[in-house]
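I have placed the structure first, in the form of structure tokens, so that the comments after it can refer back to it.
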Amino acid sequence: MNPSIPTTALQLRSLVQADGTLQISLEPTPVPTPGPDEVLIQVQATPINPSDIGLLLGPADLSTVKSSGSGPDLKVTAKVPAASLPLLATRLDESMPVGNEGAGTVVKAGSSDAAQALKGKTVSMIGGAMYAQYRLLKAVECQPLPAGTTAAEGASWFVNPLTALGMTETMKREGHKALVHTAAASNLGQM
């Protein structure tokens with residue numbers, strides 16, 4: 001592995017325990033080595049979309065939020081109402097990675113031409129687990145950004161643009177003349 005690439009890195013995780021405790025934490029995870037058609041991206045920017053918040057916080061009662069520790073040892077907890085636990089049955093006691101999309105720099109590439117072509121480039125990506133320091137993906141799952149585009153500018157390239165397109169196309173198809181969106185200053189509203 002490249003000496004500047006660590007062997008472990010942090011990843012944001014969300015865990016809903018069977019007792020109704022939500023725990024958000026930074027967990028050390030191994031930094032993988034790319035296979036032939038894969039690239040390792042140092043994540044530099046990720047947006048927070050409503051779909052991210054749903055996985056991150058679920059139906060937790062945010063008036064019960066508490067934190068302990070600091071830095072990489074920080075843990076945030078909140079209570080999930082008992083009535084909501086059956087809705088979360090498939091994820092109870094399973095620590096889940098968060099973050100649908102992001103962008104960063106390809107720091108290591110597999111041997112294929114497609115992977116090598118991305119080495120050193122800033123790319124946008126989707127696929128989950130983006131709230132992490134490093135992310136391994138297939139080269140074909142990365143979108144190279146135009147020269148001069150920052151990771152922050154390229155991080156929101158999927159969820160909000162497709163939502164905006166879907167909203168406007170539906171509006172046109174159904175013959176509506178206006179669209180009211182109350183979060184107009186949001187990324188989605190601006191699109």
Side-chain angles (χ1 to χ4, degrees), residues 9-18 20-27 29 39 41-65 67 74-104 122-138 140-145 149-174 176 179-191:
L10 297 175
Q11 181 181 72
L12 188 68
R13 308 286 293 196
S14 175
L15 167 68
V16 178
Q17 298 169 338
T21 302
L22 166 74
Q23 178 180 287
I24 300 169
S25 60
L26 292 169
E27 298 295 326
T29 57
V39 293
I41 302 107
Q42 182 179 21
V43 179
Q44 297 164 318
T46 57
I48 300 174
N49 294 308
S51 53
D52 297 315
I53 294 170
L55 177 59
L56 183 65
L57 302 174
D61 177 354
L62 298 183
S63 70
T64 65
V65 170
S67 65
L74 177 68
K75 302 244 188 284
V76 175
T77 60
K79 295 305 290 177
V80 174
S84 297
L85 290 176
L87 302 171
L88 304 172
T90 58
R91 70 167 283 191
L92 290 178
D93 295 320
E94 183 179 343
S95 179
M96 302 184 78
V98 184
N100 288 317
E101 62 184 334
T122 303
V123 298
S124 350
M125 52 197 170
I126 58 171
M130 296 298 168
Y131 294 173
Q133 292 176 306
Y134 290 88
R135 184 69 168 85
L136 182 73
L137 289 170
K138 292 192 177 298
V140 297
E141 297 172 334
C142 298
Q143 177 65 44
L145 295 171
T149 304
T150 67
E153 292 167 333
S156 294
W157 72 281
F158 183 75
V159 175
N160 285 329
L162 289 183
T163 302
L165 180 62
M167 290 167 67
T168 56
E169 289 298 315
T170 299
M171 184 182 84
K172 287 178 189 175
R173 186 175 56 247
E174 294 180 1
H176 301 287
L179 172 70
V180 177
H181 178 49
T182 59
S186 70
N187 197 332
L188 176 61
Q190 292 174 40
M191 289 178 187

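Worth knowing before you read on, the calculation uses all heavy atoms, side chains too, and leaves out hydrogens, waters and symmetry mates.
- The two residues S124 and L145 make their nearest non-hydrogen contact at OG-CD2, 2.9 Å.
- Among all heavy-atom pairs drawn from T46 and G102, the shortest one is CG2-CA, 3.9 Å.
- Distance check, rounded to the nearest 0.5 Å: CG of L179 to NZ of K172 gives 11.5 Å.
- Residues L15 and D93 come closest through the heavy atom pair CD1-C, 3.5 Å.
- Remark: E27 engages K75 in a salt bridge, criterion side-chain N to carboxylate O under 4.0 Å.
- Between the CG atom of L92 and the CG atom of L87 there is a distance of 10.0 Å, given to the nearest 0.5 Å.
- Of the possible polar contacts, none joining the R135 side chain to the G104 backbone as a donor-acceptor pair under 3.5 Å is found.
- To the nearest 0.5 Å, the span separating CE on M96 from OG1 on T90 amounts to 7.0 Å.
- The distance from atom CD1 of I41 to atom CG of L137, rounded to the nearest 0.5 Å, is 4.5 Å.
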Could you walk me through whether L26 and L74 pass the side-chain contact (heavy atoms from CB on, under 4.5 Å) check? CA-CA 7 Å; L26 292 169; L74 177 68; 5.5 Å; no

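- Atoms OG and CD, on S14 and E94 in that order, are 10.5 Å from each other to the nearest 0.5 Å.
- Closest non-hydrogen pair, P86 versus A82, comes out as CD-O, 3.5 Å.
- At least one donor-acceptor pair closer than 3.5 Å links the side chain of Q133 to the backbone N or O of L10.
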Would you mind writing out the side-chain donor-acceptor pairs for residues 49-63 within the sub-3.5 Å range, not counting sequence neighbours?
{"from": "N49", "atom 1": "OD1", "to": "N160", "atom 2": "ND2", "distance (Å)": "3.4"}
{"from": "N49", "atom 1": "ND2", "to": "E101", "atom 2": "OE2", "distance (Å)": "2.9"}
{"from": "S51", "atom 1": "OG", "to": "N100", "atom 2": "ND2", "distance (Å)": "2.7"}
{"from": "D52", "atom 1": "OD1", "to": "N100", "atom 2": "N", "distance (Å)": "2.8"}
{"from": "D52", "atom 1": "OD1", "to": "N100", "atom 2": "ND2", "distance (Å)": "3.0"}
{"from": "D52", "atom 1": "OD2", "to": "N49", "atom 2": "N", "distance (Å)": "2.8"}
{"from": "D52", "atom 1": "OD2", "to": "Y131", "atom 2": "OH", "distance (Å)": "3.2"}
{"from": "D61", "atom 1": "OD1", "to": "S63", "atom 2": "N", "distance (Å)": "3.0"}
{"from": "D61", "atom 1": "OD1", "to": "S63", "atom 2": "OG", "distance (Å)": "2.6"}
{"from": "D61", "atom 1": "OD2", "to": "S63", "atom 2": "OG", "distance (Å)": "3.3"}

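- Between the T29 side chain and the A9 main chain, a donor and an acceptor come within less than 3.5 Å of each other.
- In terms of heavy atoms, G154 sits closest to A103 at C-CB, 4.0 Å.
- Between the CD atom of Q17 and the CG atom of L22 there is a distance of 8.5 Å, given to the nearest 0.5 Å.
- Using modelled atom types, one side-chain atom of T64 and one backbone atom of K79 make a donor-acceptor pair closer than 3.5 Å.
- A129 and A132 get closest at one heavy-atom pair: O-CB, 3.7 Å.
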